[in-house]
Every structure is written in structure tokens, then in C-alpha cells.
Amino acid sequence: MAPKKVLLLCGDYMEDYEAMVPFQALQAYGVSVDAACPGKKAGDSCRTAVHQGIGHQTYAESRGHNFALNASFDEVNINVYDGLVIPGGRAPEYLAMDEKVLDLVRKFSDAKKPIASVCHGQLILAAAGVVQNRKCTAYPAVKPVLVAAGAKWEEADTMDKCTVDGNLVTAVAYDAHPEFISLFVKALGGSVTGSNKRILFLCGDYMEDYEVMVPFQSLQALGCHVDAVCPDKGAGEKCPTAIHDFEGDQTYSEKPGHDFALTASFDNVDASSYDALVIPGGRAPEYLALNDKVISLVKGFMDKAKPVASICHGQQILSAAGVLQGRKCTAYPAVKLNVVLGGATWLEPNPIDRCFTDGNLVTGAAWPGHPEFISQLMALLGIKKELHLGIACV
């Protein structure tokens with residue numbers, strides 16, 4: 001199978017997760033992804049929106065990360081792409097009025113190339129006239145438009161519902177990403193074999209938003225069982241996250257991110273039942289590093305030489321646990337002091353998306369490195385990519 005290439009259709013105030021999670025997950029699996037936005041070129045950015053329900057009649061919105069484009073919309077040639085991904089958020093409501101966008105979507109549809117659209121992205125499908133007599137789901141508020149456009153509406157009992165009709169994959173919201181991404185990969189012609197790997201995420205309040213959700217859902221999409229725990233919290237409770245971004249200041253800015261739902265209780269976790277540990281960055285590690293139970297957990301994984309993947313400020317925990325002695329390690333540059341004093345050989349993250357594997361340890365500097373970070377963890381877990389896209393778990 002030849003390497004696959006897909007297009008991500010972007011716009012200002014698309015939903016933050018709904019752009020970045022499929023963008024980086026697909027790259028981690030070996031798929032090339034171009035992100036383009038009408039009126040913008042490669043190197044420009046789109047602002048994103050954080051959408052989530054917090055108890056009101058509709059979802060709340062706040063500012064997300066700035067999403068960097070890597071392709072110019074006016075130079076897009078549909079013939080070089082194998083599929084199309086359409087994020088939701090607020091961008092689709094105005095992209096649905098752009099004739100160039102609608103023409104692009106029609107061309108993908110006419111060519112029977114896979115199209116994966118989530119949440120409000122289906123507004124674009126309706127405007128392009130490609131949902132007539134097609135089974136389709138979406139965020140509930142999009143139902144009237146889809147019905148009027150002739151779609152066969154699939155009611156969503158939960159926010160993680162997906163629907164497939166031929167080359168069309170639709171999903172309700174970012175909760176559905178694991179199945180949504182897996183179905184899209186299959187529609188591209190890839191094979192994804194479910195994994196029995198069990199992976200534990202060490203979470204805390206104000207961990208970085210992308211650094212928990214992108215690897216979490218990327219691994220779920222491979223069929224792995226993934227649990228997220230936080231000291232002093234139980235399954236179903238949430239951790240607020242932080243959006244760390246670069247906006248022209250001397251250091252990163254911080255904005256509130258999504259609330260991340262935990263899946264298990266920290267106190268009841270049997271670490272021996274997991275095959276790997278993932279440590280997100282953000283602000284959580286600086287206080288989690290003071291927790292004796294956290295330190296014991298990390299030492300247990302490292303002593304047994306199980307894969308441990310830590311990114312950005314997560315290495316503050318590794319240093320505090322005393323597991324970096326004699327290791328080669330990178331991290332966010334400001335964490336270099338922790339790494340060096342912890343006895344590791346510092347590996348310069350240049351460029352910032354560099355990641356490194358040393359034995360059972362994968363370290364990365366920041367969320368732009370997620371594709372490599374996830375890919376290297378997959379290698380340690382024995383999750384093999386075949387023919388550039390086919391993925392088998394062993």
C-alpha cells in the first residue's frame with residue numbers, strides 16, 4: 001500500500017480537539033496530513049475554540065490553541081489526497097457559505113474518497129449537497145439542517161456516537177474520536193487490529209490540554225485500553241487542563257482548557273495490570289512530583305522496565321523519582337535543570353518536536369512532538385505499522 005495523504009479542512013474557531021487529535025493521531029500512524037484554511041497559506045494559524053458542556057443549556061466556548069497550518073488552501077489539489085477530515089466548532093457555519101470549500105467537498109464525494117466529519121462539520125456536508133439519502137449523525141443542534149438536506153438522521157444516544165455510510169464517516173463530538181479515527185483509517189484502506197495493551201495516564205489539575213487528550217485518544221483508536229487517574233480523585237471526576245501556547249511573549253501563555261474526565265480511581269489502581277505509563281506535561285507535574293504515591297508508582301514502572309512516555313514538564317516527576325540517573329532524556333527546555341540534576345544526559349530538543357527513546361523511556365519536549373512521541377511509544381509496546389498505514393498490535 002502506498003503512503004496515505006489526507007486533507008484537514010480548517011477555519012478560525014474550529015473546535016480545538018477536533019482539529020488537533022485527528023491531525024496528530026493520523027501522523028503518528030504514518031499518514032501524511034495537510035491542514036489548510038480558505039484565505040490562508042502554509043505557516044499561518046487558525047485560532048481554535050474550546051467547546052464543552054458545563055451545565056448550561058448549550059456548550060460553553062473559550063479560546064483554544066493557535067493551530068498552525070502546513071498547506072495553502074489555494075494550492076490544494078484533490079488528486080494527491082486519499083481522504084478529507086472536517087473538524088467541528090464554529091468554523092463550519094461560515095465555511096459552509098464558501099463556494100470553494102463546497103466545490104472541494106463535492107469533488108471528494110464524487111471521487112468516493114473517504115470523508116470524516118465531526119460535530120458541526122456536517123453543516124458543510126449539507127451545504128455541499130452530499131448527504132442526500134446518506135445515514136448521518138452530528139451534534140444534535142445540526143439535526144434540522146441535515147434532515148432538510150435529505151440525510152437519514154441517526155439519533156445520538158451519547159456524545160461518542162459514530163455513523164458510517166459508504167465513504168462517509170460522521171461523529172457527534174470529540175468524545176467519539178477513538179472510533180471516528182479508527183473508522184476513517186479503515187475507510188482509507190488500512191487495517192487496525194485491536195490491542196490488548198493496557199496503558200495508564202498519570203493526570204493532575206492543569207496538565208496541558210493537548211498533552212493528555214491527543215495521546216489518550218490516539219491510543220484508544222488503536223484498540224488499547226487506556227485509563228486516566230489522578231491522586232485524590234476517582235473515576236468520573238474531572239481535571240481542569242491548561243492550554244499552553246506561544247503568542248509572542250518570552251514564555252508560553254496559559255488559558256483554561258477542556259475538563260478531562262478520569263476513568264479510574266488512583267487509590268484502586270493495580271499498576272501491575274498495565275503495560276505502560278504516560279505522563280502529560282503542563283503545570284500538574286510540579287506538584288505531583290511532591291506526592292510519595294506518585295513517585296512510588298513511577299518507580300514501579302521503571303524498575304520493571306515497562307514503557308514510560310513523558311512529555312514537556314512531565315520529566316519533573318521522573319527527576320523527583322530518581323529514575324533518570326544514567327539516562328538520555330529531553331524535555332521542555334525550562335526543565336533542563338531538573339533533568340541534569342536528576343543525573344540524565346540532556347538531549348537538546350531542536351527542533352521542539354524532537355522525541356527520543358532510551359531503553360524503556362520515551363521523552364518529548366512539547367505537544368508539537370506528539371506524532372513522534374506516540375509513534376515511539378507504539379514501537380515500545382510492539383504496535384507495528386505495516387505498509388505505511390496498516391496497524392497491527394502484537
Side-chain angles (χ1 to χ4, degrees), residues 8-23 25 37 46-67 85-97 116-127 136-149 151 153-163 169-181 203 205-214 216-217 220 228 236-245 254-263 282:
L8 184 75
L9 180 58
C10 300
D12 284 337
Y13 297 107
M14 58 187 173
E15 212 289 328
D16 202 14
Y17 280 164
E18 291 170 6
M20 186 58 85
V21 175
F23 181 72
C37 171
C46 284
R47 293 182 176 183
T48 69
V50 170
H51 284 171
Q52 62 179 345
I54 56 174
H56 302 300
Q57 290 179 328
T58 189
Y59 51 83
E61 177 176 298
S62 57
R63 278 284 304 279
H65 295 82
N66 295 313
F67 185 95
V85 179
I86 307 176
R90 279 199 295 111
E93 65 185 14
Y94 68 86
L95 291 178
M97 297 186 289
S117 183
V118 63
C119 198
H120 285 70
Q122 287 80 301
L123 291 172
I124 298 174
L125 302 181
C136 190
T137 194
Y139 188 72
V142 183
K143 176 180 178 178
V145 172
L146 287 173
V147 171
W153 174 253
E154 295 270 310
E155 198 68 45
D157 296 327
T158 63
M159 288 295 103
D160 59 0
K161 180 179 175 60
C162 293
T163 295
V169 180
T170 54
V172 175
Y174 54 74
D175 304 77
H177 275 152
E179 184 180 5
F180 178 71
I181 295 167
C203 300
D205 289 347
Y206 297 107
M207 57 189 166
E208 212 288 328
D209 199 22
Y210 279 164
E211 289 172 7
V212 62
M213 186 58 98
V214 173
F216 188 84
Q217 291 192 317
Q220 285 183 316
E237 294 188 73
K238 295 182 178 181
C239 287
T241 69
I243 288 173
H244 286 171
D245 212 347
E254 179 172 295
K255 301 183 285 287
H258 300 78
D259 292 332
F260 182 87
L262 303 169
T263 64

For [X], check salt bridge (charged side-chain N to carboxylate O under 4.0 Å, His left out) against everything at least two apart and list the hits.
{"X": "E179", "answer": "none"}
{"X": "D175", "answer": "none"}
{"X": "K255", "answer": "E247"}
{"X": "D245", "answer": "none"}

Mind checking what makes side chain to side chain donor-acceptor pair (under 3.5 Å) contact with [X], not counting sequence neighbours?
{"X": "D259", "answer": "none"}
{"X": "E18", "answer": "none"}
{"X": "E155", "answer": "K143, W153"}
{"X": "S117", "answer": "Q122"}

Over 12 foreign heavy atoms within 6.0 Å of OH, Y206
no
Is there a donor-acceptor pair under 3.5 Å between the side chain of [X] and the backbone N or O of [Y]?
{"X": "T241", "Y": "M207", "answer": "no"}
{"X": "T170", "Y": "T137", "answer": "yes"}
{"X": "Q217", "Y": "Y174", "answer": "yes"}
{"X": "Y94", "Y": "D12", "answer": "yes"}

Side chain to side chain contact (heavy atoms under 4.5 Å, CB included) partners for S62, two or more places apart:
V50
According to side chain to side chain contact (heavy atoms under 4.5 Å, CB included), who are the partners of A171, at least two apart in sequence or on a separate chain?
V118, C162, A176, F180
With heavy-atom distances below 4.5 Å as the criterion, would you say the side chains of R47 and F67 are in contact?
no
Report the relative orientation of the aromatic rings in Y210 and H65; use parallel for angles under 30°, tilted for 30 to 60°, perpendicular for over 60°.
parallel
What salt bridge (charged side-chain N to carboxylate O under 4.0 Å, His left out) pairs are there with at least one residue in residues 87-96, not counting sequence neighbours?
E61-R90
Taking only residues two or more places apart in sequence or in another chain, which ones pass ring pair (Phe, Tyr, Trp, His ring centres under 6.0 Å) with F216?
F201, F260
In sequence, state the C-alpha distance, the side-chain angles, and the governing distance for Y17 and H177, and then conclude on ring pair (Phe, Tyr, Trp, His ring centres under 6.0 Å).
CA-CA 9 Å; Y17 280 164; H177 275 152; 7.3 Å; no
